[in-house]
Amino acid sequence: MNEGTGEADGGTGEADGGTGGTGAASVSGREAESGRVRGAGVEGQSEAVGTGFFSSVDDVTARLAEAGYLASAAVATTVFLADRLGKPLLVEGPAGVGKTELAKAVARVGGARLVRLQCYEGIDESRALYEWNHAKQLLRITAGRDEAWDETRTDIFSDEFLLTRPLLTAIRGDEPTVLLIDETDKADVEVEGLLLEVLSDFQVTVPELGTITATRRPFTVLTSNATRELSEALRRRCLFLHLDFPEAELEQRIVRLRVPGLDGTLADSLVRVVGALREMELRKAPSVAETIDWARTLLALGADTLDESVVRDSLGVILKHQDDIEKATRKLTLV
């Protein structure tokens with residue numbers, strides 16, 4: 001229903017880009033009293049519910065299009081509701097239909113920084129939320145051997161020794177932020193438990209510091225390729241959007257937008273061939289991203305028609321398994 005060619009930004013880092021904002025993360029517990037957590041206020045401060053990136057559904061459609069993302073009415077409506085209600089957005093569908101790119105496009109049009117948590121099998125709290133800088137803590141303990149333990153303990157469990165990971169980074173941000181939790185279905189089931197507090201109340205509990213609550217909620221997008229079923233508890237906290245391969249007319253518009261030099265007739269032929277491939281029982285159907293790659297390939301080859309020779313020589317751009325290529329070569333008929 002839309003487009004996208006998002007590239008991986010890398011593991012659990014964040015991408016810069018965006019304007020500053022107002023607000024700060026709030027903290028409860030011992031550190032709220034002492035004020036040691038920088039950029040944080042006391043829990044209970046008022047906060048805006050939504051993220052305030054868009055004014056209407058039409059605004060979503062127009063601004064995403066300006067950023068190179070053509071959204072259907074259903075996509076634009078769901079994005080607007082996630083923005084207005086301040087609810088996380090769970091986007092599910094096949095690989096390569098624009099789920100990751102949707103979050104990137106929202107960050108671009110909202111002038112927000114993108115904080116990305118790339119999920120994978122084995123990811124844990126120390127990669128997703130936070131961990132303590134144990135080496136620095138040991139140095140501090142060694143340097144303060146003559147101090148009372150209570151004084152040392154209070155110091156080493158302060159913000160100075162805290163290593164924030166993507167979830168906590170997004171919660172503590174005082175600027176417009178898009179939090180992308182990418183390929184959630186690849187993470188272990190236990191990780192979903194870590195997400196529940198974040199997605200319910202946009203807060204993270206650090207036992208040594210207290211509860212850190214966002215006063216400026218990030219626009220949160222979770223993506224899933226549906227390789228496993230996500231829990232009902234996680235789904236209940238999100239708005240849901242299913243993205244599938246787009247209709248031919250929309251995919252043509254996407255291709256023409258992303259590959260401006262491509263002839264309209266060639267774009268039409270390309271999209272029809274990709275549609276025929278998707279109807280075959282292939283190990284991996286071509287994604288929208290691969291349709292765009294194929295269009296760029298044809299442009300680079302100087303092809304002005306999609307004949308049998310061109311298709312045969314370039315099928316490896318859109319099909320990534322030899323048995324798929326062999327099946328397509330046998331069954332594909334070009335008119």
Side-chain angles (χ1 to χ4, degrees), residues 9-18 20-45 47 112-182 187-188 190-218 220:
D9 289 341
T12 56
E14 61 183 76
D16 293 328
T22 59
S26 66
V27 175
S28 64
R30 174 168 54 84
E31 290 303 321
E33 298 174 2
S34 63
R36 281 194 179 89
V37 178
R38 292 188 295 272
V42 178
E43 185 176 18
Q45 288 180 318
E47 62 176 47
R113 73 172 169 167
L114 178 69
V115 178
R116 180 174 182 170
L117 173 62
Q118 180 64 52
C119 296
Y120 54 89
E121 186 178 352
I123 191 172
D124 58 13
E125 183 178 26
S126 66
R127 297 288 96 189
L129 278 171
Y130 70 90
E131 64 179 328
W132 292 104
N133 189 333
H134 299 301
K136 190 173 182 179
Q137 286 176 322
L138 288 173
L139 289 174
R140 172 64 182 86
I141 292 170
T142 302
R145 283 177 294 184
D146 297 331
E147 297 176 352
W149 167 243
D150 286 345
E151 181 180 349
T152 303
R153 180 179 59 188
T154 299
D155 193 24
I156 64 173
F157 288 112
S158 64
D159 188 60
E160 180 183 353
F161 297 85
L162 187 67
L163 300 175
T164 60
R165 301 308 183 195
L167 295 180
L168 184 55
T169 297
I171 290 296
R172 300 182 74 189
D174 59 356
E175 57 189 322
T177 300
V178 172
L179 171 60
L180 169 60
I181 305 174
D182 210 10
D188 299 328
E190 291 76 15
V191 173
E192 292 188 27
L194 300 178
L195 296 176
L196 296 183
E197 183 182 25
V198 175
L199 301 181
S200 293
D201 304 311
F202 287 91
Q203 66 181 28
V204 171
T205 298
V206 181
E208 297 84 357
L209 299 180
T211 300
I212 303 173
T213 304
T215 53
R216 180 158 200 159
R217 289 191 176 192
T220 304

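Ile123 places a side-chain heavy atom less than 4.5 Å from the side chain of Val191. Taking the side chain as every heavy atom from C-beta outward, Leu195 and Ile181 approach each other to under 4.5 Å. His134 has its side chain within reach of Gln137: a pair of non-hydrogen atoms, C-beta onward, lies under 4.5 Å apart. Side-chain contact between Val206 and Tyr130 is present, with at least one heavy-atom pair separated by less than 4.5 Å. Put simply, the side chain of Thr205 reaches to within 4.5 Å of the side chain of Glu197, judged on heavy atoms.
Taking SG from Cys119 and CD from Glu192, the interatomic distance works out to 9.5 Å, rounded to the nearest 0.5 Å. Residue Arg116 holds its CZ atom at 4.5 Å from CG of Asp182, rounded to the nearest 0.5 Å. Atoms CG and CG, from Asn133 and Leu162 in turn, are 9.5 Å apart once rounded to the nearest 0.5 Å. Going from atom CD1 of Ile156 over to atom CG of Leu139 covers 11.5 Å, rounded to the nearest 0.5 Å. A distance of 8.5 Å separates CG of Leu180 from CG of Leu117, quoted to the nearest 0.5 Å.
Between the side chain of Thr177 and the backbone N or O of Glu175, at least one donor-acceptor pair lies under 3.5 Å. Using modelled atom types, one side-chain atom of Thr220 and one backbone atom of Pro218 make a donor-acceptor pair closer than 3.5 Å. No donor-acceptor pair closer than 3.5 Å links the side chain of Glu208 to the backbone N or O of Phe157. Checking side-chain atoms of Arg165 against main-chain N and O of Glu125 turns up no donor-acceptor pair under 3.5 Å. Side-chain N or O atoms of Asp201 include none that pairs as donor or acceptor with a backbone N or O of Gln203 at under 3.5 Å.
For Asp174 and Arg216, the salt-bridge test fails: no basic side-chain N is under 4.0 Å from an acidic carboxylate O. Between Asp159 and Arg172, at least one side-chain N (NZ, or NE/NH1/NH2) sits under 4.0 Å from a carboxylate O, which counts as a salt bridge.
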Exercise for the section: Apply side chain to side chain contact (heavy atoms under 4.5 Å, CB included) to the pair Phe202 and Thr213, showing each step before the final yes or no. Expected result: CA-CA 6 Å; Phe202 287 91; Thr213 304; 5.8 Å; no
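Each of Val204, Val115, Leu163 was checked for a side chain to side chain contact (heavy atoms under 4.5 Å, CB included) with Leu168, and the lone residue meeting it is Val204.
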